[in-house]
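One structure below.
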Amino acid sequence: SWGYSAAYFHARLPTKKKVQTQEAFMEGSIRIMVATIAFGMGIDKPNIRNVLHYDVPSTVEEYSQQVGRAGRDGKPSSCMLYLCRDDFWVKESFARGDLPSRQSLQRLLEDVFSSNTAVKLSANGHKLINLSPLKLGEKHDMRPEFLGIILAKIELRFGLIRAITPEITTYRFEAYPEYSTWVKSDESREAQAIESHAEKLKNWHTINVNVIVKNSGLLRSDIVNKLNDYNDRGLIRLHTLGLINRYEVLQELPSTPEEIKQITDQLYAEMEDRERDAMNRFDTIRNLLTDSHCLARALARYFGMDLPSGKSQCGHCSYCLTGTPAVLPPERDPSVS
């Protein structure tokens with residue numbers, strides 16, 4: 001409403017929208033970009049005049065890359081960062097919040113290694129285990145992203161499993177008016193199986209592909225191809241649900257409490273190291289922004305450099321201009337009245 005050309009950018013934008021938005025910003029038709037860290041670090045636009053941080057960056061490296069986008073043409077540019085004590089509390093909570101209890105980690109591994117999860121053989125003759133990060137996360141109170149790290153460590157650190165192509169078990173689609181006529185004229189077994197197995201609620205249809213495969217003997221790929229064909233023809237709008245991560249079992253999985261405890265102890269120690277590293281990075285960025293020093297010189301010295309011509313101060317950061325560091329308000333009283 002103020003007449004400024006602005007756009008937004010985040011990780012969940014469709015790829016086409018991302019490309020269009022980035023190109024518009026680079027060519028100058030969009031002058032203001034409101035973005036998460038998903039906005040490409042490779043942006044090399046020479047005339048960015050201002051970089052504004054509404055939140056505290058996670059690391060000094062991240063902050064340096066982001067402010068480094070300003071003034072690449074050598075002309076004066078401004079970088080502003082809003083500090084709020086709650087932002088620091090959120091960052092610290094994320095740094096500390098991923099580490100589960102040792103008992104929770106062991107129970108998770110017991111689930112992963114349970115022989116009951118081995119369901120069939122892969123093309124290489126290995127047993128397969130199917131795991132749902134969402135369900136595991138809900139059961140063991142862990143974020144799916146953290147579960148991904150644990151499973152990657154089981155694969156890379158211990159060589160017990162290997163991730164293969166995930167499998168989508170459930171599809172949901174909105175049927176357009178032409179769908180009903182088309183599917184009745186489609187005499188293929190795949191079309192008949194889709195129509196007979198679809199759970200219908202008004203215009204929405206839900207299909208479990210694994211159930212169709214089990215009941216009909218059809219190939220999973222043929223069913224999925226048929227659904228994609230309907231989507232491409234504009235007969236339906238297709239959505240995917242129920243992503244299952246699949247892993248080949250490369251070695252005999254631990255089964256005794258002692259074997260699982262041994263892996264738990266090793267993983268937990270590595271997770272503790274990871275948490276300490278995250279807290280150290282958090283402390284470093286906090287000190288950079290709030291200590292009594294020239295911000296530009298502190299940033300340069302972090303990377304083993306100094307200011308041009310051996311200067312002790314840049315002369316234009318907030319500390320140089322005011323002679324005082326940023327002061328955060330006192331922490332809120334956590335007591336309950």
Using residues 316-326 as the side-chain source, report each donor-acceptor pair under 3.5 Å to any protein atom, sequence neighbours left out, with the distance given to one decimal.
from, atom 1, to, atom 2, distance (Å)
Thr322, OG1, Ser318, O, 2.7
Thr322, OG1, Thr324, N, 3.3
Thr322, OG1, Thr324, O, 3.2
Thr322, OG1, Thr324, OG1, 3.3

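Counting only N and O atoms by type, the side chains of Tyr179 and Glu174 include no donor and acceptor under 3.5 Å apart.
No single ILVMFWY cluster, assembled from side-chain heavy atoms under 4.5 Å apart, contains both Val56 and Tyr54. Cluster annotation: Trp204 is not connected to Val211 through the hydrophobic network of ILVMFWY side chains, with a link wherever side-chain heavy atoms come within less than 4.5 Å.
The CG atom of Leu108 sits 7.0 Å away from atom CD1 of Ile154, with the distance rounded to the nearest 0.5 Å. Rounding to the nearest 0.5 Å gives a distance of 10.0 Å between CZ of Arg107 and NZ of Lys139. Here CE of Met26 is found 6.5 Å from CG of Asp44. Values are rounded to the nearest 0.5 Å. For the atom pair CZ (Arg69) and CE (Met33), the distance works out to 10.5 Å, reported to the nearest 0.5 Å. The line from CG of Leu136 to CG of Leu147 is 6.0 Å long, rounded to the nearest 0.5 Å. To the nearest 0.5 angstrom, Thr284 atom OG1 is 9.0 Å from Arg281 atom CZ.
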(request) Test ring-ring contact (aromatic ring centres under 6.0 Å, His included) on Phe39 and Phe25 and set out the steps. (result) CA-CA 11 Å; Phe39 196 49; Phe25 178 70; 5.8 Å; yes
(request) Determine, stepwise, if the pair Tyr247 / Leu151 fulfils side chain to side chain contact (heavy atoms under 4.5 Å, CB included). (result) CA-CA 10 Å; Tyr247 298 85; Leu151 292 170; 3.3 Å; yes
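Annotation: side-chain hydrogen bond (donor to acceptor under 3.5 Å, both in side chains) contacts of Ser104 (sequence neighbours excluded): Ser101.
Test Leu250, Leu128, Ile129 against Ile161 for side-chain contact (heavy atoms from CB on, under 4.5 Å) and you get one pass: Ile129.
One finds a salt bridge joining Arg49 and Asp73 here, because a Lys/Arg side-chain nitrogen approaches an Asp/Glu carboxylate oxygen to under 4.0 Å.
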